[in-house]
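The first residue in the sequence is number 1, and the count goes up from there. Note that this is a predicted model, so its numbers are computed, not measured.
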Amino acid sequence: MIESEKSVATTRDLEPAVALFRSLSDPARLAIVRRLASGEARVAELTRDLGLAQSTVSSHVACLKDCGLVSGRMEGRRVFYSLARPELLDLLSAAETLLAATGSAVALCPTYGVDGQDSAC
């Protein structure tokens with residue numbers, strides 16, 4: 001996404017990055033990713049830990065799997081989900097650092113702030 005050489009990125013070049021950020025833009029998906037950052041979990045555990053409906057968790061886990069951010073490991077009839085890429089932890093850490101630096105500016109943004117939420121999947 002960010003290149004060391006000076007070049008002009010077209011919107012087409014940025015589509016994968018846009019898709020990545022869209023995949024993380026839903027509160028439920030972000031909560032699932034943050035929970036999986038602490039270790040693998042089954043849908044039942046995610047449902048309990050996050051206080052979300054089972055159908056909601058299943059749908060969002062499927063979306064995250066489709067995006068290549070979450071993987072599943074079968075153990076008998078149970079599926080344990082985990083983050084597919086450790087780099088996602090770096091991204092979350094960088095986001096927390098950026099949010100701490102910008103204070104409430106992002107949350108107050110009239111387009112993407114708390115009241116103007118946008119979602120995908």
Side-chain angles (χ1 to χ4, degrees):
M1 186 165 79
I2 299 175
E3 299 177 19
S4 58
E5 297 179 15
K6 289 186 178 183
S7 65
V8 176
T10 66
T11 56
R12 183 174 207 88
D13 296 334
L14 298 175
E15 286 175 356
V18 169
L20 170 66
F21 287 109
R22 276 195 185 135
S23 71
L24 298 172
S25 69
D26 183 88
R29 287 192 298 275
L30 187 55
I32 290 166
V33 167
R34 290 185 70 188
R35 167 53 186 83
L36 293 177
S38 67
E40 68 180 11
R42 296 179 304 130
V43 168
E45 296 162 341
L46 293 169
T47 298
R48 181 196 66 225
D49 294 348
L50 303 175
L52 299 170
Q54 183 272 329
S55 60
T56 299
V57 171
S58 293
S59 173
H60 287 299
V61 166
C63 178
L64 292 165
K65 272 187 76 176
D66 290 345
C67 294
L69 299 177
V70 167
S71 60
R73 175 181 65 81
M74 292 289 296
E75 188 174 292
R77 295 180 62 200
R78 301 184 303 178
V79 181
F80 291 84
Y81 294 100
S82 62
L83 297 182
R85 305 292 317 171
E87 297 88 349
L88 191 49
L89 295 173
D90 297 333
L91 179 64
L92 294 175
S93 178
E96 288 175 3
T97 300
L98 182 59
L99 288 170
T102 61
S104 61
V106 174
L108 297 176
C109 173
T111 304
Y112 296 108
V114 175
D115 291 332
Q117 296 177 2
D118 190 9
S119 179
C121 279

| Say you draw a straight line from CG of Leu88 to OG of Ser93; how long is it, rounded to the nearest 0.5 Å? | 11.5 Å
| Smallest separation among heavy atoms of Ser82 and Glu40, with atom names | CB-CB, 3.9 Å
| Listed by chain and number, what are the side chain to side chain contact (heavy atoms under 4.5 Å, CB included) partners of Ala84, not counting sequence neighbours? | Ser71
| query | Do Phe80 and Leu89 share a hydrophobic cluster (ILVMFWY, side-chain heavy atoms under 4.5 Å, transitive)? | reply | no
| request: For Thr47 and Leu52, work out which heavy atoms get closest and say how close. | output: CG2-O, 2.8 Å
| said: Using every non-hydrogen atom in the two residues, find where Gly68 and Arg85 come nearest and quote the distance to one decimal. | reply: O-CG, 4.0 Å
| message | Do Met74 and Val43 land in one hydrophobic cluster if side-chain heavy atoms of ILVMFWY residues count as linked below 4.5 Å? | response | yes
| Shortest non-hydrogen contact between Arg22 and Arg29, atoms and distance | O-NH2, 3.2 Å
| remark: Residue pairs meeting side chain to side chain donor-acceptor pair (under 3.5 Å), one or both in residues 8-21, sequence neighbours left out, come to Thr10-Asp13
| query | Is a side-chain donor or acceptor of Ser59 paired with a backbone partner of Thr56 at a separation under 3.5 angstrom? | reply | no
| Beyond-backbone contact of Val33 with Leu69, side-chain heavy atoms, under 4.5 angstrom | no
| query | Hey, is CZ on Arg34 packed in by over 12 heavy atoms from elsewhere, all under 6.0 Å? | reply | no
| Partners meeting side chain to side chain donor-acceptor pair (under 3.5 Å) with Gln54 (sequence neighbours left out) | Ser58
| query | With a 4.5 Å limit on heavy-atom distance, are the side chains of Leu36 and Leu64 in contact? | reply | no
| request: Might you point out which heavy atoms bring Arg35 and Ala41 nearest each other, and give the distance in Å? | output: NH2-CB, 3.5 Å
| Closest heavy-atom contact between Val70 and Val61? | CG1-CG1, 4.5 Å
